Amino acid sequence: DEFTVVLPDVDETQTVSMVATRLQALLARPFLIGTQEITVTSSIGIAIFPADGDDAATLLKHADTAMYHAKDQGRNNWQLYHQSLTTQTTARMALESDIRKGLERDEFRLLYQPQVSAADGTIVGIEALIRWQHPQHGMVSPAQFIPVAEESGLIVPMGEWVLHAACRQLLEWQQRGVCTARVAVNVSARQLRSPSFLDRVAAIIAETGISAEQLELELTESILMDPESRQVQGLYRLRALGVHFAIDDFGTGYSSLSYIKRFPIGMLKIDQSFVRGLPDGANDAGIATAIIAMARSLDLDVIAEGVETRQQCEFLRQAKCPKLQGYLFSRPLPPDEVEILLRRGSIILPGDHTTSQTLSVQACNPQ
Ligand code: C2E
Ligand code: CA
Ligand code: CA
């Protein structure tokens, strides 16, 4: 699916860009296979002799680098090669190899952030969030390595490590008599597309011996948009085992609501970008309220994430949002610190009062 076009005797860049634009317009025309109308998009990378290389191998390599840059820019566009792209590519390749080593050397860690019941602060779940304990750079945030891990495919072994670590942690807590809530694990779209993913989840549950009911997988909204029937069936198979599914960052994509019901989704997570503007931002308030109402009518659970202030919390309680997650209750914590909260069973904000007795009963009842 890659082609090379050679343009001889090019005198100015403008000619090249004109040809690239025309090629792209031509390729974008729909064509028929049987009765199906198919469209393809193309990404074009361009290297020019002699500025970008004076032999065929160098020109091809640099055109390739520019093509990957075009893909990064959202596909369906063309890009000229530029020296800085090689620097970027080299840096990305270094990071990729560093991630690979990090996985081998067991440098990744999980933090856990509690999710609480809006009504009384009972801990109803914990979300596992990955960190990289880098030997030189200290704690590295996922924003810095997840995109490269996704692009390189390393997200697949990394995601498997996360799932394994979270399930093992859950088991360890259970064996030591800590009442554990459900653990939520993030799954990227690329990971879900890997053919072995669904089997690996089932295998990890079996290997660690946790109850599948205690695992929730957070999927991105994008999977709702291009449902592949094999994947949907696989998700139903895991659901039948007991695994729960949530849609992360809900409201930021363009998913069709009618699709939600085609998936075994039990929970929507209201994206923190909408929570940030509460209670005064009219748009955010409207969106948050609408998601809560919609979830209720579709019989789905809802959690608002990124709750940082008392005002946001009050607004969401008023709007009958059943679950909350955010710095107001707790930051993501290492296992030993979150264990203290799990043993307590709830997080009560100053000024809120609920009897500790009802809490300790509810805490043993993950929902
Ligand atoms: P996410 O799944 O949306 O996770 C929520 C992020 O919001 C986390 O950032 C969390 O620390 C942060 N957060 C929680 N409460 C608050 C709050 O009150 N205010 C603010 N400002 N932020 C809050 P983190 O841990 O840096 O993770 C960032 C993203 O990286 C995650 O977003 C997720 O998409 C990805 N990620 C993290 N761990 C994993 C993983 O194990 N696998 C995959 N595929 N992605 C992961
Ligand atoms: Ca998440
Ligand atoms: Ca999220």
Side-chain angles (χ1 to χ4, degrees), residues 99 102-103 107-116 125-133 138-169 182-194 197 200-201 204 215-223 244-253 255 265 267-278 284 288 291 302-313 315-316 321 323-335 337-338 341 347 349:
I99 295 173
L103 282 169
E107 289 168 5
F108 291 90
R109 300 282 172 268
L110 288 183
L111 297 183
Y112 297 88
Q113 187 178 34
Q115 306 176 323
V116 303
I126 43 174
E127 178 176 1
L129 294 158
I130 195 169
R131 294 292 180 273
W132 186 0
Q133 184 65 58
M139 270 297 201
V140 183
S141 110
Q144 286 171 35
F145 61 85
I146 291 277
V148 175
E150 290 202 348
E151 200 167 314
S152 60
L154 284 169
I155 194 72
V156 174
M158 182 182 284
E160 221 171 89
W161 177 85
V162 171
L163 207 56
H164 225 276
C167 291
R168 259 196 326 254
Q169 182 64 65
R182 193 185 286 171
V183 65
V185 172
N186 291 284
V187 175
S188 82
R190 168 89 188 244
Q191 219 181 323
L192 194 66
R193 262 188 270 127
S194 130
F197 176 72
R200 285 306 296 150
V201 175
I204 289 170
L215 181 63
E216 179 165 76
L217 300 181
E218 294 193 0
L219 311 177
T220 59
E221 221 175 340
S222 64
I223 68 133
H244 297 271
F245 293 97
I247 295 293
D248 207 352
D249 306 337
F250 188 77
T252 55
S255 59
I265 304 295
M267 160 107 89
L268 302 181
K269 298 194 76 175
I270 303 176
D271 188 61
Q272 37 183 295
S273 60
F274 305 121
V275 173
R276 205 165 298 138
L278 300 179
D284 290 344
I291 296 176
V302 199
I303 185 161
E305 54 176 346
V307 182
E308 290 182 354
T309 68
R310 201 50 200 247
Q311 290 84 341
Q312 292 166 347
C313 172
F315 179 94
L316 290 159
C321 181
K323 291 175 182 173
L324 307 169
Q325 175 181 355
Y327 294 169
L328 181 66
F329 300 95
S330 168
R331 291 193 171 251
L333 299 172
E337 288 177 44
V338 85
L341 295 178
I347 299 169
L349 302 175

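Just so you know, these numbers come straight off a predicted model, no measurement behind them. In listed order, ligands and their atoms are each counted from 1.
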So for [X], does at least one of its heavy atoms come nearer than 4.0 angstrom to any atom of ligand 1?
X      : answer
Ser141 : no
Lys269 : no
Gly306 : yes
Met158 : no

Which residue holds the protein heavy atom closest to [atom], what is that atom called, and what is the gap in Å?
atom                    : result
atom 35 (C) of ligand 1 : Pro142 CB, 4.3 Å
atom 12 (C) of ligand 1 : Gln272 NE2, 3.8 Å
atom 10 (C) of ligand 1 : Leu129 CD1, 3.8 Å

Q. Do NZ/NE/NH1/NH2 and the carboxylate oxygens of Glu150 and Arg190 come within less than 4.0 Å?
A. no

**Q.** Sidechain N-carboxylate O distance under 4.0 Å for Glu127, Lys269
**A.**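 The answer is yes: the pair qualifies as a salt bridge.
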
Should you measure from each heavy atom of [X], which atoms of ligand 1 turn up under 4.0 Å away?
X      : answer
Ser188 : 44 (N)
Glu127 : 2 (O), 4 (O)
Asp249 : 3 (O)
Gln113 : 14 (C), 15 (N)
Val307 : 18 (O)
Arg131 : 11 (O), 24 (P), 25 (O), 26 (O)

**Q.** For the Ca ion (ligand 3), the closest N/O/S atom belonging to Asp249
**A.** OD1

Q.
Restricting to N, O or S atoms, which atom of Glu305 is closest to the Ca ion (ligand 3)?
A.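 In Glu305, the heteroatom (N, O or S) nearest the Ca ion (ligand 3) is OE2.
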
Please indicate whether any nitrogen or oxygen in [X] is less than 3.5 Å from any nitrogen or oxygen in ligand 1.
X      : answer
Glu218 : no
Tyr327 : yes
Ile130 : yes

**Q.** Minimum-distance N/O/S atom that Glu127 presents toward the Ca ion (ligand 2)
**A.** OE2

Q: Answer yes or no for Asp248: is there an N/O/S atom below the 3.0 Å cut-off from the Ca ion (ligand 2)?
A: yes

Q. With a cut-off of 3.0 Å, does any N, O or S atom of Glu218 fall short of it relative to the Ca ion (ligand 2)?
A. yes

Q: Please state whether the rings of Phe145 and Trp132 are parallel, tilted or perpendicular, taking 30° and 60° as the class boundaries.
A: perpendicular

(Q) Taking 4.0 Å as the limit for heavy-atom contacts, which would you say applies to Gln325 with ligand 1: side chain only, backbone only, both, or neither? (A) neither

Q | Passing candidate, side chain to side chain donor-acceptor pair (under 3.5 Å) with His244, options Glu218, Arg182, Glu216 | A | Arg182

Q: Report yes or no: is the cationic atom of Arg331 (NZ for Lys, CZ for Arg) closer than 6.0 Å to the six-membered ring centre of Tyr327, at no more than 45° off its axis?
A: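 Yes, Arg331 sits over the ring of Tyr327.
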
Q | Proximal candidate to atom 2 (O) of ligand 1 [heavy atom criterion; set Asp248, Leu192, Leu324] | A | Asp248

